[in-house]
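Have a look at the structure below, then the notes.
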Amino acid sequence: MYRIVEARIRAALREFLNRRGIQDIPVVTQRPPSVAMGEVATPMAFELAPRLRRAPRQIAQEIATELAAIPGVARVELAGAGYVNFLFDRAAFFAAAFSEAANPGGTLRADRALAREPKCVVEHTNINPNKAAHIGHLRNAALGDTFVRLLRRAGRRVEVQNYIDNTGVQVADVVVGFTHLENKSAAELRSLAAAPRFDFFCWDLYARVTQFFEEDQTRLALRGQTLAAIEEGHGAEAELAEIISVAIVRCHLRTMERLGVQYDVLPRESEILHLKFWDAAFQQLRERGAIHLASAGKNVGCWVMKLPERPPGPGQETQQFPKLQSNPPGAEPQETGDSDDDAKVIVRSNGTVTYVGKDIAYQLWKFGLLGRDFAYRRFYTYPNGHTVWTTTTDGGESGAPEFGHAADVYNVIDTRQAYLQKVVVAGLRALGFEQEAARSVHFSYDVVALSPRCAAEMGYTLAEEEMRKPYVEVSGRKGLGVKADDLLDELESAARAEVDARHAGAPEAERARIAHAIAIGALRYFLLKYTRTAIIAFDFRDALSFEGETGPYCQYAVVRARNIFRKMAEQRLHFSLEQLDDAAEDQASFKDFLKSGEGDDLWELALRAGSLDAQVATALSAQEPAFVAKYAFELAQAFNLFYHHHHILSEAHAAKRDFLLRLSRLVERQLVTALDLLGIEAPEKM
RNA sequence: GACCCUGUAGCUCAACGGAUAGAGCGCCUGCCUUCUAAGCAGGAUGUUGGGGGUUCAAGUCCCCCCAGGGUCGCCA
């Protein structure tokens with residue numbers, strides 16, 4: 001609701017500027033330091049002062065007197081040296097926020113309208129299918145999934161893709177492990193792969209293979225041979241690779257399902273190869289001159305792409321790569337042509353295509369620009385009935401939705417791949433797809449590392465130098481890392497112990513359900529509360545915490561609110577939850593309880609609860625899920641304070657009690673919505 | 001060497017160029033016959049790495065240093 005009133009104020013301010021013919025001064029609004037000063041403020045008068053040659057205070061006065069009445073705004077006041085403060089009509093805001101919260105589907109579109117909506121493709125997770133997922137992968141999936149939820153809440157049509165690199169070095173290494181260290185036949189591997197925790201077995205095997213190579217470098221030839229066989233797609237090694245990667249993908253889907261993450265389609269690299277996606281992309285790139293054959297220098301014999309020094313377009317790229325404008329205007333046009341040494345190799349001199357090349361083809365396909373498509377088959381159906389599809393070469397199954405053809409593409413990939421993502425975008429631009437290049441977003445985030453103490457706890461011996469560092473990098477190759485399912489198991493058992501202590505009498509299944517919700521709440525909140533640029537130095541103590549700024553804290557606030565409603569029903573108060581939700585007839589009394597001064601604390605809570613829409617909008621435009629996490633925590637915190645100050649059901653004044661109940665109801669609903677956006681479920685009890 | 005990210009309380013992190021820089025953890029002290037204490041209240045710690053500049057206003061923008069991390073491969 002806050003966003004709606006704020007938008008009206010901004011429109012009125014824009015109108016004020018327009019009347020004076022001012023176009024180049026932005027309308028700036030902010031939150032005043034306290035609700036006593038209002039809910040929206042503008043410092044615009046300061047900026048206008050030199051322009052209009054009058055004192056800020058005087059201009060502020062003009063703004064205040066000239067603005068027409070704004071619905072939802074009760075008063076306009078001046079403050080300080082020139083701030084204009086807008087004070088909301090508190091009762092009207094509360095009533096509107098209350099009814100808005102009662103219609104959670106209000107912002108979601110009808111299916112038919114949604115089908116016409118331009119599509120966003122969000123690619124996330126993308127774990128190499130050769131071993132168990134670790135905490136770093138969890139951060140990727142939690143960020144991606146939450147961003148998907150935010151987009152959907154904003155009414156966007158979203159397709160979730162999880163790219164499977166099933167023909168890469170990492171899979172090849174595990175194949176080497178099974179053939180040369182384990183001596184497994186395809187049949188033996190098949191039964192092994194069907195066993196639980198096959199991904200854990202591969203985790204260890206992968207580390208063993210790394211060591212196997214280190215002991216004797218000539219063994220690396222095995223990797224090369226295996227890789228070639230897998231890419232070719234025939235023979236025993238290709239069969240093993242297929243068994244491994246499919247089984248591991250199923251493990252990953254199960255792991256992610258534990259934390260509520262689902263996918264729509266799993267595009268596989270093997271199909272990108274076998275369906276000749278690269279040939280189609282290569283043809284376009286060559287015809288448009290985006291790549292050329294290097295004739296001299298270290299890259300001789302390779303097809304390479306030169307990256308422009310500066311984005312050629314009118315600065316569109318600055319949206320995706322802020323703070324990039326390195327060169328001052330008038331920088332010299334680069335000396336082209338001389339050397340291809342600094343160009344990016346796309347096709348190797350032996351004719352094979354690099355990872356980036358395949359990624360360009362994939363990105364083109366996402367936008368529907370490649371002129372080719374996969375065939376699809378069903379891979380897995382979730383308990384809620386949703387089906388995730390995967391790609392296939394031969395005909396495929398009928399009934400697949402239309403995948404790809406995106407208007408916007410978000411690639412959730414850690415910051416270390418920023419350069420490669422830039423190359424992919426440059427590729428689109430070089431092909432003349434300016435629009436799509438501008439709509440290709442690298443949703444970048446920093447990695448999860450281990451605190452040195454954590455690494456030591458896990459039995460990893462650190463060099464002295466590493467011990468001094470703030471964190472230690474996770475390494476799948478070395479087998480150093482916290483496996484996702486291990487962490488989830490630990491979280492669930494810790495949560496379970498707490499639940500058992502509090503609800504010894506509850507049925508087993510219910511206790512398990514609650515413990516699961518708490519574990520996921522703790523984990524997802526932990527992964528989402530950091531902004532994307534923060535490196536998470538993982539530590540079990542922080543991750544396993546259920547107190548303070550955590551998911552369970554937020555969940556607990558919801559449970560408290562619901563306990564009030566349950567007790568209310570038990571006490572058979574004069575109205576039911578339905579009547580509580582129908583607040584229309586009691587609006588007159590809201591004003592008394594929210595009035596300035598004594599009602600400020602209640603108003604602050606109501607305002608915060610009614611600000612969810614603004615927080616979601618900010619999180620979406622900043623592509624920063626942490627904003628929603630922060631909001632949920634602050635709302636929970638404000639509610640706990642309120643809960644402590646007001647004993648609602650014993651409130652003697654009936655009208656006030658009813659109001660406090662409605663305020664609690666508003667908070668509960670908004671908090672549930674915010675948590676849902678984070679992928680966190682609020683259990684009935686805790 | 002070039003480019004990117006980071007530097008804020010003891011620790012981990014927040015803070016659209018705006019009014020008094022905030023949370024959590026940890027530490028100390030209180031509060032459970034109550035709508036369950038996974039909670040609440042109180043206690044204090046800041047030269048926002050350093051130095052210049054722009055601005056009515058800088059933790060935030062620009063420049064120069066310092067420190068840490070990352071990327072720049074015919075790996076993915």
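None of these values were measured; they are calculated from a predicted model.
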Is the shortest side-chain N/O distance from A/R348 to OP1 or OP2 of B/C75 below 4.0 Å?
yes

Selection from B/G18, B/G24, B/C25 that lies nearest to any side-chain heavy atom of A/R541:
B/C25

Closest to the side chain of A/M37, out of B/A19, B/C13, B/U36, is B/A19

Is there a side-chain polar atom (N or O) of A/R560 under 4.0 Å from OP1 or OP2 of B/U36?
no

NA contact type, A/L641, heavy-atom cut-off 4.0 Å: base, sugar-phosphate, or nothing?
sugar-phosphate

What do you reckon, do A/Y643 and the base of B/C35 stack, with centroid distance below 5.5 Å and planes below 30°?
yes

Are A/R416 and A/E473 ion-paired here, with the side-chain N under 4.0 Å from a carboxylate O?
yes

Separation of the P atoms in B/C13 and B/A57, to the nearest angstrom:
33 Å

If you look at every strand shown and take non-hydrogen atoms under 4.0 Å, does A/A41 touch a base, only sugar-phosphate, or nothing?
base

Just N and O in the side chain of A/N563: are any of them under 4.0 Å from OP1 or OP2 of B/U36?
yes

A/D613 and A/Y2 side chains, donor-acceptor separation under 3.5 Å:
no

What's the NZ-P distance between A/K567 and B/U34, to the nearest Å?
9 Å

Do A/S349 side-chain and B/C74 base share a donor-acceptor contact under 3.5 Å?
yes

Need one value for A/S650: base, sugar-phosphate or nothing, where a base atom within 4.0 Å counts as base even if backbone is also close, heavy atoms only.
nothing

As a test of reading the structure: which of B/A76, B/G39, B/U34 is closest to the side chain of A/N640, going by heavy atoms?
B/G39

Under 4.0 Å, heavy atoms only, any strand: does A/V171 hit a base, just the sugar-phosphate, or nothing?
nothing

Counting side-chain heavy atoms from CB outward, which of B/G70, B/G18, B/C74 is closest to A/V345?
B/C74

Categorize A/K529 for me: base, sugar-phosphate, or nothing, with a 4.0 angstrom heavy-atom threshold over every strand shown.
nothing

Stepwise side-chain contact (heavy atoms from CB on, under 4.5 Å) check, A/K656 with A/L660
CA-CA 6 Å; A/K656 178 157 191 187; A/L660 296 179; 4.2 Å; yes

Distance-only donor-acceptor test (3.5 Å): side chain A/N85, base B/A19:
yes

Which part of the nucleic acid does A/V499 contact within heavy-atom distance under 4.0 Å: base, sugar-phosphate only, or nothing?
base

NA contact type, A/A49, heavy-atom cut-off 4.0 Å: base, sugar-phosphate, or nothing?
nothing

The Watson-Crick or G-U wobble partner of B/C27, with both key distances under 3.5 Å, is B/G43

Which nucleotide wins on minimum distance to the side chain of A/R416, given the candidates B/C13, B/U36, B/G70?
B/G70

In whole Å, measure the gap between the P atoms of B/C27 and B/G70 for me.
32 Å

Does B/C32 sit syn or anti, given that only angles within 90° of 0 count as syn?
syn

Nearest-angstrom distance, C1' atom, B/A58 to B/G53
11 Å

With a 4.0 Å limit, can you tell me whether A/Y419 has a side-chain N or O closer than that to the phosphate oxygens OP1/OP2 of B/U71?
no

Which of these nucleotides, B/U36, B/C35, B/A76, is closest to any side-chain atom of A/L420?
B/A76

Rounded to whole Å, the NE2-P distance (A/H647 to B/C40) equals 16 Å

Residue matched to B/U55 through Watson-Crick or wobble contacts both under 3.5 angstrom
none

Between B/C11 (P) and A/Y530 (OH): distance, integer Å
15 Å

Looking only at heavy atoms, which two atoms of A/E684 and A/V559 are closest? And how far apart?
O-CG1, 3.9 Å

Could you tell me which nucleotide pairs with B/G7 by Watson-Crick or G-U wobble geometry, both distances under 3.5 Å, or answer none if nothing does?
B/C66

Strictly by Watson-Crick or wobble contacts shorter than 3.5 Å, is anything paired with B/G1, and which nucleotide is it?
B/C72

When you measure from the side chain of A/L649, which nucleotide among B/C35, B/G73, B/C5 comes out closest?
B/C35

Using atom P in both nucleotides, what's the gap between B/C62 and B/U55 to the nearest angstrom?
16 Å

Please report, rounded to the nearest Å, how far the P atom of B/C75 is from the CG atom of A/N130.
18 Å

RNA chain B: A/V28 or A/Y355, which has the more 5' nearest nucleotide?
A/V28

Atom CE of A/M44 and atom P of B/C56 are separated, to the nearest Å, by 17 Å

For the P atoms, the ones on B/U60 and on B/C5, what distance do you get once it is rounded to whole angstrom?
15 Å

Can you tell me how far P of B/U34 sits from CZ of A/R657, to the nearest Å?
20 Å

B/A21 to B/A37 separation - C1' atoms, rounded to the nearest Å
31 Å

So, is A/Q417 close to the B/G70 phosphate, meaning a side-chain N or O under 4.0 Å from OP1 or OP2?
no

Please state the P separation for the pair B/G43 and B/G24 - nearest whole angstrom.
13 Å

When you check the gap from the basic side-chain N to the acidic O, do A/E6 and A/R3 get nearer than 4.0 Å?
no

Closer than 4.0 Å, any side-chain N/O of A/Y553 to the OP1 or OP2 of B/C40?
yes

Whole-Å distance between B/A38 C1' and A/Q637 CD?
14 Å

When the distance from CZ of A/R3 to C1' of B/C16 is rounded to whole Å, what number comes out?
14 Å

Identify, between A/E473 and A/A343, the residue whose nearest nucleotide on RNA chain B lies closer to the 5' end.
A/E473

Identify which nucleotide among B/U36, B/A23, B/A38 has an atom closest to any side-chain atom of A/E547, counting heavy atoms from C-beta outward.
B/A38

Would you indicate which nucleotide in B/C5, B/U71, B/G69 comes nearest to any side-chain atom of A/D446?
B/C5

Scan side-chain atoms only and decide if A/T533 and A/D446 contain a donor-acceptor pair under the 3.5 Å cut-off.
no

Pick the P atom in B/G49 and in B/G10, then give their distance to the nearest Å.
13 Å

Looking only at B/A19, B/A76, B/A23, the nucleotide nearest the A/P32 side chain is B/A19

With a 4.0 Å cut-off on heavy atoms, is A/F627 in touch with a base, just the backbone sugar-phosphate, or nothing at all?
sugar-phosphate

With a 3.5 Å cut-off and no angle check, do the side chains of A/D414 and A/Q417 form a donor-acceptor pair?
no

Among A/L605, A/L675, A/L612, side chain to side chain contact (heavy atoms under 4.5 Å, CB included) partner for A/L635
A/L605

Does A/F46 form a ring-ring contact (aromatic ring centres under 6.0 Å, His included) with A/Y83? I'd like the steps, not just the answer.
CA-CA 8 Å; A/F46 296 112; A/Y83 287 100; 5.2 Å; yes

Exercise: do A/S451 and A/D539 side chains pair donor with acceptor under 3.5 Å
yes

